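Fair warning: this is a prediction, and the values are worked out from it, not measured in the lab. Protein chains get the first letters and strands the later ones, always in sequence-line order, with residue 1 at the start of each.
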Amino acid sequence: MSKLDYKETLNLPRTNFQMKANLVNKEPEILKRWEEQKIYEKTLEYRADAPTYLLHDGPPYANGDIHLGTAMNKVLKDFVTRYKTMRGYRAPYVPGWDTHGLPIEHRVTTMLGDEAKNKTPVEIRRLCKDFALKFVNIQREQFKRLGIKGDWENPYITLDPEYEYHILDVFKTLVEMGNVYRGNKPVYWCPNCRTALAEAEIEYHDHESPSIYVKFQMVEDPKTYIVIWTTTPWTIPANVAIALHPEYTYTKIKVGEEYWIVAEGLLQKFSAETGVHFEVVEKFLGSELEGKLTKHPLYDRTSIVVLADYVTLEDGTGCVHTAPGHGEEDYQTGLKYNLPVLSPVDDEGKFTKEAGKYEGLKIWDANKVIVEDLKNNGALIKYGKVQHSYPHCWRCKGPVMFRATPQWFISVDKNDLRKKVLEQIKNVKWYPAWGENRITAMVQERPDWTISRQRVWGVPIPAVICRHCGEVILDARVIEKFANIVREKGTDAWFEMDVEHFLPEGLTCSKCGGNEFDKTYDTLDVWIDSGCSWEAVVHSKGEKFPVDLYLEGDDQHRGWFQSSIFLSTAKTGVAPFKAVVTHGFIKDEQGRKMSKSLGNVVDPMEIVNKYGADILRLWVASTDFFDNIRVGKNIIEQQVEVYRKLRNTIRYLLSNLYDFTESDLLPYEKLLPLDKWALGRLQKYIEQVTSYYEEFEYSKVYNATVKYCTTELSAIYLDILKDRLYVEAKDSIYRRSAQTVLYYILDALVKILAPIIPFTAEEAYQESPAKRFESVHLEYWPEVRKEFVDDQLLEEFQHLLLVRDDVLKALEEARTSDLIGHSLDAHVYIEPKNEEIAALLKKYEGILDEFFIVSAVTLTDENLEGAVTGQFVDVLVKHADGEKCQRCWKYHPDTGKDEKHPETCPRCSAVLRGERK
RNA sequence: GGGCUCGUAGCUCAGGUGGUCAGAGCGCACGCCUGAUAAGCGUGAGGUCGGAAGUUCGAGUCUUCCCGGGCCCA
């Protein structure tokens, strides 16, 4: 027989599982098959009676393509649901979208431009809806392409009438509890457009404003004044307080016959700007003045000294004019000190009658008049002008103002709501654990929740206003009536239908007893929308509640987690989730934030279209997502390399099982020692990886799996096995023993990888002899089989592997000196360094040549001349004696002695004769 | 400025309660094989564990401060 003919007698690997993945083309085909086979539906069907594991989806906002952050978020969720499904749970996944709110309304009105003014609210709402649904569809396709398994045909969408009904239902509960109240709060207001503006609708431009220093006389000490500085004289009528920093040093200076109070750090600047000459007479901390009263310079009332951390020493006097009706910080301070919120200004920016003599004046015109008055009564120290950045309206470009307007609030403390929420937080398991501290601190400090918006794209707050006295009434019965109509017609009904349809019988004004009303047109904060999802999607449908898991970015400690836990605690008394996992944010390779201006934005679909979804998913698994994670070309390409390794390992397993089925499995007792070792190691690997999955530690799954495939399988076990798999008789015990273990390894590996790289796992599963279902995603998680673990054997092999390291080093030296090429060229002489090792090697003497992949091994206790000193053994490498067997490439002294097969070693001759089983 | 948080080899990550803990895989360099072949195997070079001080017989591991990044507020 020639060399080539001997090759024909080997059992070389064979498989349809291609080395080249071609994921970009293959993944869509697999997706299509999953859809046709209804795999998602079947996972639920097959587990209909099993316990439920419920991950409730946080709805992304439907106003653009998905970005890498949302992609990662969904992939992580998919890891969870796929894993839990394989663990035997019924684990439904209902994706959702957040569809109301300003960003969409803003985009739509921007696109409309001037035309927006001619549109009715309902027309604008229709456009918003179309806009949102368009992106729901786009995002849905993108998420599906990532391999996210879920009920994509029946997602929850916050603009669905049924969903809107539940928002109103939860809201009604809050109203009934008495936690909803009406109060005043400053918002950006454009007097020209006569509308409230959101932060996002503000543009900053340079603007010239007056700059005035004003002194406030102290009540207790009429010779002493506190000096303030402001660029908005028109807000002086609304002044109720002066804010000082508690820890700054303030000085009392003597100016003429008077004493003025100014922060020490601003004295020079103050003096330079006002030209005032002074003499310091006293110093004290800001905190010492807390509660002192001053006289208002224009009205017969007082302003109180308060303390605030935001006071700086950049401009002014360190004594900040405070008008809670005209500034956000002022408002917050006002809440703390229970100050009145004055805002004597109307929609058009004109003073109302509360402003006294200024009534009817436009605020911009009033500046002059007020400055003049301050000058006349001696309160004005200095008048000047200043150029600074000032907020302007995005639409009319005019300057805007802060103006207190009536808003709806949810009281955080009424009915002990805050306390109950804090209690509930403790019952939740937070991953990572610091999430609990974070949300606890936030809940402890948060102010009441402003829930009204002066916008059209949202769920209307069905409050009515009395036609007679103007009292605004929020009545649970109106909400209920409206909610029931919404269920049929959607929230457009509020804009389209007559108020009478929403009024319960006998509704009268609580103030004047009137019975005629008009609608009001505020809408609800969208955090209420999404914060009700547990009710709309889970609780009201009789699904498992509280759900097992919420999984979102850590910004949601303030956002969705909080709105959800507040609303759920209010209505049901408990948190809506048992556990919360948070992830960090995605940065570029330098750790910088991704932004269009930096040009470092990575598009997830670009990765999918270039490398495949499994590569993107493998990258997600490789990261420590609890913290911020980095991404870029290099990092992704690293995953391509790792993917190749995993794929080739699976491919090699498959290719050596082409002639193997379940019925060929050998019982454990019949396995060869090396195979028992590998099987035991597999159990350890399964056990470890399973615990990682339980704790959402995917990077550890990833690392353990890569290491397992590279070192234990590829470099050791599979390399050693080549001889037996190829050379021994097809159905011999030597080969079947190896194949039995390969079968178990393949089966486990494919399943363990299935949640992470579902496409590749599916492709491999279809070729696997262990296939039992039509899809790997209907499969069950591999069990750890204790009977496959022989701890003593594992321990012994652990030591043999250390000896192997010594042998490999010696072989490498022999290679360098051209003594050998392939390790099979070698005959290795080993001198153990201690008795223990000697005994161990003796025990396994018969398989050492196989284990080291050499032709022969000789154990000796003699001193080996020229040996390489290792850690546990000394090793001498010689070229092997005899001829190289043309079949198995091993050297053997007796090669060539078989008459029929003269070029083969005794073992191969026996195999060829059919004598070796 | 405040609350929380992160900073270990070029990259991605491991390193309970302080004492062989300075590691793994990838990448890289060099070599082997050509019966996993656009594969496989081996050997090797890479880190003062962000910086400084402190507690301790001993600190990536505890404390304080500083530098840099992040989320949320202000």
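For the pair D675(A) and R724(A), the salt-bridge criterion is met [side-chain N within less than 4.0 Å of a carboxylate O]. With respect to the salt-bridge test (charged N to carboxylate O, under 4.0 angstrom), the residues R630(A) and D624(A) do not qualify. Using a 4.0 Å cut-off between a side-chain N of Lys or Arg and a carboxylate O of Asp or Glu, D825(A) and K884(A) do not qualify as a salt bridge.
Using a 4.0 Å heavy-atom cutoff across all strands shown, N648(A) reaches at least one base atom of the nucleic acid. Residue N437(A) is out of contact with every strand shown, counting any heavy-atom pair closer than 4.0 Å. Within the nucleic acid shown, G584(A) has no heavy atom closer than 4.0 Å to any nucleic acid atom. As judged by a 4.0 angstrom heavy-atom cut-off over every strand, F585(A) is placed among residues touching the sugar-phosphate backbone only. T710(A) comes within 4.0 angstrom of the backbone, heavy atoms only, and of no base. Within 4.0 Å (heavy atoms only), V706(A) reaches sugar-phosphate atoms of the nucleic acid but no base atom. Residue T623(A) is in sugar-phosphate contact alone, with no base atom involved, counting any heavy-atom pair closer than 4.0 Å across all strands shown. If you check every strand for non-hydrogen atoms under 4.0 Å, E329(A) touches sugar and phosphate atoms only. At the heavy-atom level, S655(A) lies nowhere under 4.0 Å from the strands shown. Counting non-hydrogen atoms under 4.0 angstrom, R887(A) reaches a base of the nucleic acid.
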Check the interface with nucleotides 15-18 of chain B: list each N/O to N/O pair with the protein under 3.5 Å, or write none.
| from | atom 1 | to | atom 2 | distance (Å) |
| --- | --- | --- | --- | --- |
| G15(B) | OP1 | K700(A) | NZ | 2.9 |

Please list, for nucleotides 8-11 of chain B, all pairs of protein and nucleotide N/O atoms separated by less than 3.5 Å.
| from | atom 1 | to | atom 2 | distance (Å) |
| --- | --- | --- | --- | --- |
| C11(B) | O2' | Q638(A) | OE1 | 2.6 |
| C11(B) | O2 | Q638(A) | OE1 | 3.4 |
| C11(B) | O2 | Q638(A) | NE2 | 3.0 |

Check nucleotides 60-65 of chain B against the protein and report each pair of N or O atoms closer than 3.5 Å, with its distance, or say if there are none.
none

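When the C1' atom is compared between A52(B) and G60(B), the two are found 16 Å apart, to the nearest whole Å. Distance check on atom P: G44(B) versus A24(B) gives 11 Å, rounded to whole Å. Taking atom P on both nucleotides, C26(B) is separated from C67(B) by 39 Å, rounded to a whole Å. Using atom P as the reference point in both G25(B) and G42(B), the two lie 10 Å apart (nearest Å). Using atom C1' as the reference point in both C73(B) and U12(B), the two lie 32 Å apart (nearest Å).
Phosphate contact (OP1/OP2 of G7(B), side-chain N/O of K587(A), threshold under 4.0 Å): absent. Contact between the side-chain N/O atoms of K707(A) and the OP1/OP2 oxygens of A24(B) is not found at any separation under 4.0 Å. Residue S714(A) places at least one side-chain N or O under 4.0 Å from the OP1 or OP2 atom of C41(B). Within the structure, every side-chain polar atom (N or O) of K645(A) is placed at least 4.0 Å from both OP1 and OP2 of A39(B). The shortest distance between the side-chain N/O atoms of Y726(A) and the OP1/OP2 oxygens of A36(B) is below 4.0 Å.
Whole-Å rounding puts the E436(A) CD to C71(B) C1' distance at 18 Å. Atom-to-atom, CD of E637(A) to P of G25(B) comes out at 22 Å; the value is rounded to the nearest Å. The distance between atom CD of E247(A) and atom P of G2(B), rounded to the nearest whole Å, is 10 Å. Rounded to whole angstrom, the span from the CG atom of D624(A) across to the P atom of G25(B) amounts to 20 Å.
Where D805(A) and R592(A) each meet RNA chain B at their nearest nucleotide, the meeting point lying more 5' is that of D805(A).
Below 30°, between 30° and 60°, or above 60°: for W430(A) and F561(A) the angle between ring planes is above 60°, a perpendicular geometry.
Taking a centre distance below 5.5 Å and an interplanar angle below 30 degrees as the stacking criterion, Y310(A) does not stack against the six-membered base ring of G2(B).
In this structure, K633(A) has no side-chain hydrogen bond (donor to acceptor under 3.5 Å, both in side chains) partners at least two apart in sequence or on a different chain. Residues passing the side-chain hydrogen bond (donor to acceptor under 3.5 Å, both in side chains) test with D747(A) are K751(A), sequence neighbours excluded.
Consecutive pairing runs in RNA chain B reach the stem threshold at B:1-7 with B:67-73, B:10-13 with B:23-26, B:28-32 with B:40-44, B:50-54 with B:62-66, where a stem means at least three Watson-Crick or G-U wobble pairs with distances under 3.5 Å.
The side chain of V727(A) lies closest to G35(B), out of C32(B), G35(B), C72(B).
A cation-pi arrangement is present between R14(A) and Y658(A) under the rule of less than 6.0 angstrom and at most 45 degrees off the ring axis.
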